[in-house]
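Only one structure is covered here, and it is reproduced in the block below.
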Amino acid sequence: MPKVFAIVDCNNFYVSCERVFNPTLNGKPVIILSNNDGCAVSRSNEAKTIGIQMAAPVFKIRHIIKKYDVQVLSSNYALYGDMSQRVMETLSGLVPNMEIYSIDEAFLDLSAFRKQDLIEYGRKIQKTVRQWTGIPVSVGIAPTKTLAKLANHIAKKSHTAKGVVNLLALSSLDSILEKTNIEDLWGIGHRYGKFFNAHDIRNARQLRDLNETFIKSKMGVMGTRLQQELKGIPCYHLEYQPAPKQGITVSRTFQKEISNFDDLDSAIANYASRAGEKLRLENAVAQIIVVFLLTNRFRENGHVSFETVRMPVATSDTAELIHFAGEGLRMAFKKGRLYKKAGIILKAITPDKPIQATLFDTKDRSRSGKLMQALDTINHRMGCNTLKYAATGLSPKQKWQTIFNYRSPAYTTNWQQLPGVV
DNA sequence: TCTGGGGTCCTAGGACCC
DNA sequence: TCTGGGGTCCTAGGACCC
């Protein structure tokens, strides 16, 4: 029995989250900025229309912001994370099986609804999510994930579709694929787009009908799968259980370059501490910690240094992670360099039981586990950083701290910041 | 002056083992 | 002691995603 895939994608997700709690943003050009208010990472349709590109640095678009009175907001991840959860919960009540694909997208299995009017079902999804969460979504329906993504892309652009497109209703996809630029396909990025264009392969139909050996030689099996999926033969299926993480990264760009070791040391301690929280959320431990330092890549002579530390025993204990991260930092640090970004990566991640202990392990593992549990509980209940390690820095103002100058309140996750009715 | 953060998968090549 | 071939594992780098 052929499958029916749908993808539900929240429109301009971060902007839409802000609009739910601040309706004065409706109808206006709005952008949401990345950390340190650096780039525009989410744009309302109005902002797209006046030419603001994805990831455009703010300093390069100041004139547009001023000219069109663009509403500018810092990222508010607590809000977006919470809104995402609400959207996903709503969707899970509407279909038997779904895969959460990203913060603002989910693949659904609509195979059971094939006899119904799928467009109508798509509208029901749209309407329910809008009603329950306030978030507008688009729905793409097709026989494969890749085609569903394409359907969604069309749903967002077309004026007649009103946000729902079903490619199963078409007898032939030829003309749709012909109108689709190759770069708009899921799996074709900047590099491949350029490559195929240089070979005069510009639309999705051309790619679908391309010689299989050629595409395999250029793109490997990913190319073969993409081609199959465009032909309507599914290669990717729904993944219900999120796969265990292979790596956990915590990194930040600094607003101003940092050359002082102690500042970097407390920044790295913070990242280690945050990474430990993520690790414990996965009920996992890590054995390898990589520390990296980057100088400004937009200047000449950009440097990157990575240092790997293999810890004697795999752990999720914050104190240990801070200790070994510090060791990595001492190896990576070079006096006199101006660092723009720093981070850590945890690797060799395994479930936290059983831990492979060494003969020389002197640490009381069960005690440290209880301590971490208490730490996480308190920080979850009282707000993050209620309890923290001194190594992460005691002064409230740190050089490495990320700036959010235009942040909206934590409407949904903080009692002090609930929206009031006036 | 000012340019985000966190992931995945695949492949080629080297190390190592039998 | 020398030699060949094949399998497996690991890693770095490149591509992609949101």
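Protein chains get the first letters and strands the later ones, always in sequence-line order, with residue 1 at the start of each.
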Original post:
Between B/dT3 and A/Gln255, is there an OP1 or OP2 to side-chain N/O distance shorter than 4.0 Å?
Top reply: no
Subject >> Short side-chain N/O contact to B/dG7 OP1/OP2 from A/Lys278, under 4.0 Å >> reply: yes
Original post:
A/Lys149 side chain N/O closer than 4.0 Å to the phosphate oxygens (OP1, OP2) of C/dC17?
Top reply: no
Original post:
Can a salt bridge be assigned to the pair A/Arg202 and A/Glu183 using a cut-off of 4.0 Å between side-chain N and carboxylate O?
Top reply: no
Original post:
Is A/Leu108 close to A/Tyr121 at the side-chain level, that is, under 4.5 Å between some pair of heavy atoms?
Top reply: no
Subject >> Whole-Å gap separating P (B/dG5) and CD1 (A/Ile345) >> reply: 13 Å
Subject >> Separation of atom CG in A/Leu226 from atom P in B/dC9, rounded to whole Å >> reply: 17 Å
Subject >> Residue A/Arg191, side-chain heavy atoms: nucleotide from B/dT3, B/dG6, C/dC16 that is nearest >> reply: C/dC16
Subject >> Aromatic ring pairing A/Phe333/A/Phe261, orientation class (parallel under 30°, perpendicular over 60°, tilted between) >> reply: perpendicular
Original post:
Does A/Tyr192 have its ring centroid less than 6.0 Å away from the ring centroid of A/Trp186?
Top reply: no
**OP:** Output the single nucleotide from C/dC17, B/dG4, C/dC16 whose closest atom is nearest the side chain of A/Cys39.
**Re:** B/dG4
Subject >> Short side-chain N/O contact from A/Arg299 to OP1 or OP2 of B/dT3, under 4.0 Å >> reply: no
Original post:
Less than 5.5 Å between centroids and less than 30° between ring planes, does A/Trp186 satisfy that with C/dC17?
Top reply: no
Original post:
Among the nucleotides B/dG5, C/dC18, B/dG4, which one has an atom lying closest to any side-chain atom of A/Ser251?
Top reply: B/dG5
Original post:
With nearest nucleotides of DNA chain B determined for A/Val58 and A/Lys245 from heavy-atom distances, which residue corresponds to the more 5′ nucleotide?
Top reply: A/Val58
**OP:** Measure the distance from CG on A/Leu281 to P on B/dG7 and round it to the nearest whole Å.
**Re:** 12 Å
**OP:** Measure from CD on A/Gln246 to C1' on B/dT8 and round the result to the nearest Å.
**Re:** 7 Å
**OP:** Examine C/dT11: is either OP1 or OP2 under 4.0 Å from a nitrogen or oxygen in the side chain of A/Lys347? Give yes or no.
**Re:** no
**OP:** Report the relative orientation of the aromatic rings in A/Phe195 and A/His199; use parallel for angles under 30°, tilted for 30 to 60°, perpendicular for over 60°.
**Re:** tilted
Original post:
Does A/Arg274 place a side-chain N or O at less than 4.0 Å from the phosphate oxygens OP1/OP2 of B/dG5?
Top reply: no
Subject >> Pairing partner of B/dC18 (Watson-Crick or G-U wobble, both distances under 3.5 Å) >> reply: C/dG5
Subject >> A/Val221 side-chain proximity, nearest of B/dT11, B/dC9, B/dG7 >> reply: B/dT11
**OP:** Would you indicate, yes or no, if C/dC17 has its OP1 or OP2 atom less than 4.0 angstrom from a side-chain nitrogen or oxygen of A/Ser102?
**Re:** no
Original post:
Would one find a side-chain N or O of A/Asn36 under 4.0 angstrom from OP1 or OP2 of B/dG4?
Top reply: no
Subject >> Between C1' of C/dC16 and NE2 of A/His190, the distance in whole Å >> reply: 13 Å
**OP:** Remember a base hit wins even if backbone is also touched, and classify A/Ile188 as base, sugar-phosphate or nothing at under 4.0 Å, heavy atoms.
**Re:** sugar-phosphate
Original post:
Looking only at heavy atoms, which two atoms of A/Ile64 and A/Val70 are closest? And how far apart?
Top reply: O-CG2, 3.9 Å
Subject >> Same-atom distance (C1') from C/dT3 to B/dC17, integer angstrom >> reply: 15 Å
Subject >> Minimum-distance nucleotide (side-chain atoms of A/Pro57 versus B/dT3, B/dG5, B/dG7) >> reply: B/dT3
Original post:
Under 4.0 Å: is that the gap between some side-chain N or O of A/Thr249 and OP1 or OP2 of B/dG5?
Top reply: no
Original post:
Counting only side-chain N and O atoms of A/Arg225, is one of them less than 4.0 Å from OP1 or OP2 of C/dC16?
Top reply: no
Subject >> Distance in angstrom units between A/Ile344 CD1 and B/dG5 P, rounded >> reply: 14 Å
Original post:
If you look at every strand shown and take non-hydrogen atoms under 4.0 Å, does A/Asp104 touch a base, only sugar-phosphate, or nothing?
Top reply: sugar-phosphate
Original post:
What nucleotide, of C/dC18, B/dG5, B/dG7, holds the atom closest to the side chain of A/Glu105?
Top reply: C/dC18
Original post:
Can you check whether A/Thr253 has a side-chain N or O nearer than 4.0 Å to OP1 or OP2 of B/dG5?
Top reply: yes
**OP:** Would you check, one step at a time, whether the test salt bridge (charged side-chain N to carboxylate O under 4.0 Å, His left out) holds for A/Glu277 with A/Arg280?
**Re:** CA-CA 5 Å; A/Glu277 286 169 20; A/Arg280 295 192 293 271; 5.2 Å; no
**OP:** Between A/Lys256 and A/Gly220, just flag the one whose closest nucleotide in DNA chain B comes earlier from the 5' side.
**Re:** A/Lys256
Original post:
Roughly how many Å is it from CE in A/Met222 to C1' in B/dT8, rounded to a whole number?
Top reply: 8 Å
**OP:** Check the distance between C/dC17's C1' and A/Leu185's CG and give it to me in whole angstrom.
**Re:** 14 Å
